[in-house]
Amino acid sequence: MTGHVVLRAGAYSIRVARRPVVASLALVAAALVVGFVALCFGASWSHPMEVLAALAGQGDSVVVIRDWRLPRVAAALIFGAALGLAGAIFQNLTRNALGSPDVIGLDAGSYTGALFAITVLSSTPAQLAVSSAAGGLAAAAAVYFLSLRSGLSGMRLIVIGIAVNAMLTAVNSWIVLRAELEVAMAATGWSAGSLNGVDWAELALPFGVIGALALLLVALAPGMHQTGLGDDLAVASGVRLNPLRLLLVLAGVGCTATVTAVAGPIVFIALAAPQIGRLLAGTSGVALLPAALTGGVLLLAADLVAQVLFAPVALPVGVVTTVIGGGYLIWLLVRKAGRA
């Protein structure tokens with residue numbers, strides 16, 4: 001058995017490593033299995049055959065399965081993939097496993113923008129999306145300019161990002177405390193990161209934005225992976241570093257802000273998914289596809305746990321990802337300290 005497989009499309013063929021292909025197929029299979037189980041679970045358990053019938057538009061559970069549960073499953077998969085892509089982008093740019101949006105303050109910045117839309121504006125979906133993106137971009141700009149000496153790589157950026165994250169978290173808490181009681185309660189519940197109550201109407205625009213950003217990343221991926229070999233080699237191979245980095249930052253912030261605008265800040269998926277995907281695929285760098293697939297599976301599994309753990313009360317999924325991600329972050333820091 002060789003370590004490569006050949007993919008053919010007409011007269012063209014591509015030789016790719018076997019392990020990333022197998023890992024990606026396994027992640028797709030895991031997403032289908034976990035997603036189907038999530039469709040079976042709700043206020044009451046639905047038999048698998050009942051779910052299949054409802055997906056085909058038959059039976060008495062069509063509304064429950066297709067209009068209530070399926071949007072939540074789809075949101076978990078797509079939003080998890082978007083967070084995985086965002087994490088992969090910034091971990092490639094910083095060349096550091098800690099360089100994810102939720103560690104370096106981009107999640108907190110997006111949440112600050114969303115809080116502005118909630119407390120000052122009328123918090124329409126468009127206002128939430130624009131404000132979240134603006135907050136994330138402002139946080140990214142602050143981190144970048146404060147760490148100019150190291151550019152977009154190095155531990156200096158990570159430390160500055162953690163400091164910016166802490167300051168923005170304090171600002172967010174102040175905004176919530178200053179808001180009216182009803183608004184503050186809504187913002188606090190939303191800040192945990194939740195997929196409760198999502199429906200198709202509010203997912204159409206975010207899915208479209210994430211799809212467009214994913215297509216952009218497909219075009220940018222070769223250049224991004226070239227930069228992983230070093231700036232000098234990337235420039236020698238024809239990569240225009242500054243435009244590439246700007247587009248990658250915009251794509252990463254866009255993915256993070258889009259998820260935050262709909263579901264609130266869901267932390268640690270962007271941190272963990274790229275590294276878990278890299279280990280599963282056996283790649284030297286952080287590949288986008290395994291990161292996206294791993295992010296989708298992780299968020300879907302976390303949301304299922306959030307629903308099952310204290311059923312019939314559904315926890316915000318962010319509570320589960322925080323617990324899991326906290327343990328992962330401790331393990332990652334210990335591992336990096338052991339290598340130092």
Side-chain angles (χ1 to χ4, degrees), residues 75 79 82-87 89-90 93-94 99-147 152 157-180 183-184 186-195 202 205-206 208-210 212-213 216 245-271 316-318 321-322 325:
F79 289 170
L83 293 174
L85 287 173
I89 289 169
F90 286 102
L93 285 174
T94 61
S100 73
D102 39 10
V103 173
I104 62 176
L106 305 191
D107 273 16
S110 294
Y111 181 44
T112 304
L115 281 177
F116 176 80
I118 292 172
T119 56
V120 177
L121 306 177
S122 53
S123 69
T124 64
Q127 289 172 347
L128 279 170
V130 172
S131 297
S132 294
L137 286 172
V143 172
Y144 175 74
F145 286 115
L146 289 171
S147 58
L152 281 173
L157 182 143
I158 305 298
V159 173
I160 289 173
I162 292 172
V164 169
N165 186 39
M167 288 187 288
L168 286 173
T169 300
V171 170
N172 294 340
S173 298
W174 178 81
I175 292 174
V176 172
L177 288 172
R178 296 285 295 178
E180 295 181 3
V183 175
T188 301
W190 184 74
S191 69
S194 176
L195 298 175
E202 60 184 318
L205 178 60
V209 172
I210 291 170
L213 293 173
L216 173 63
R245 284 172 172 166
L246 176 60
L247 287 174
L248 287 172
V249 168
L250 289 175
V253 172
C255 287
T256 300
T258 301
V259 175
T260 302
V262 178
I266 300 175
V267 296
F268 289 116
I269 297 294
L271 173 70
V317 66
T321 61
T322 299

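Between Phe79 and Leu195 there is a side-chain heavy-atom pair separated by less than 4.5 Å. When side chains are defined from C-beta on, Leu106 counts as touching Phe90, because their heavy atoms get closer than 4.5 Å. Here the side chains of Leu157 and Val143 are in contact, with some heavy-atom distance below 4.5 Å.
Contact between Ile210 and Ala82 at its shortest, heavy atoms only, is CD1-CB, 3.8 Å. Among all heavy-atom pairs drawn from Ala108 and Asn165, the shortest one is CB-OD1, 3.2 Å. Shortest non-hydrogen contact noted between Cys255 and Leu213 is N-CD1, 3.5 Å. Residue Ala140 comes nearest to Val249 through the heavy atom pair CB-CG1, 4.2 Å, listed as atom of the first residue, atom of the second, then distance. The nearest pair of heavy atoms linking Leu168 to Ala139 is CD1-CB, 3.9 Å.
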List the atom pairs, with distances to 0.1 Å, where a side-chain N or O of residues 258-271 and a protein N or O form a donor-acceptor pair under 3.5 Å, not counting sequence neighbours.
{"from": "Thr258", "atom 1": "OG1", "to": "Gly254", "atom 2": "O", "distance (Å)": "2.6"}
{"from": "Thr260", "atom 1": "OG1", "to": "Thr256", "atom 2": "O", "distance (Å)": "2.9"}

Name every donor-acceptor pair, under 3.5 Å, that has one atom in a side chain of residues 131-138 and the other anywhere in the protein, sequence neighbours excluded.
{"from": "Ser131", "atom 1": "OG", "to": "Gln127", "atom 2": "O", "distance (Å)": "2.9"}
{"from": "Ser132", "atom 1": "OG", "to": "Leu128", "atom 2": "O", "distance (Å)": "2.8"}

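Applying the side-chain hydrogen bond (donor to acceptor under 3.5 Å, both in side chains) test to Thr119 and every residue at least two apart in sequence or in another chain returns nothing. The side-chain contact (heavy atoms from CB on, under 4.5 Å) check on Leu216 picks up Leu220, Ala251, with sequence neighbours excluded. A search for side-chain hydrogen bond (donor to acceptor under 3.5 Å, both in side chains) contacts involving Asn172 returns Thr112, not counting sequence neighbours. Ser100 pairs by the side-chain hydrogen bond (donor to acceptor under 3.5 Å, both in side chains) definition with Asp102, not counting sequence neighbours.
The CE atom of Met167 sits 10.0 Å away from the OG1 atom of Thr169 when rounded to the nearest 0.5 Å.
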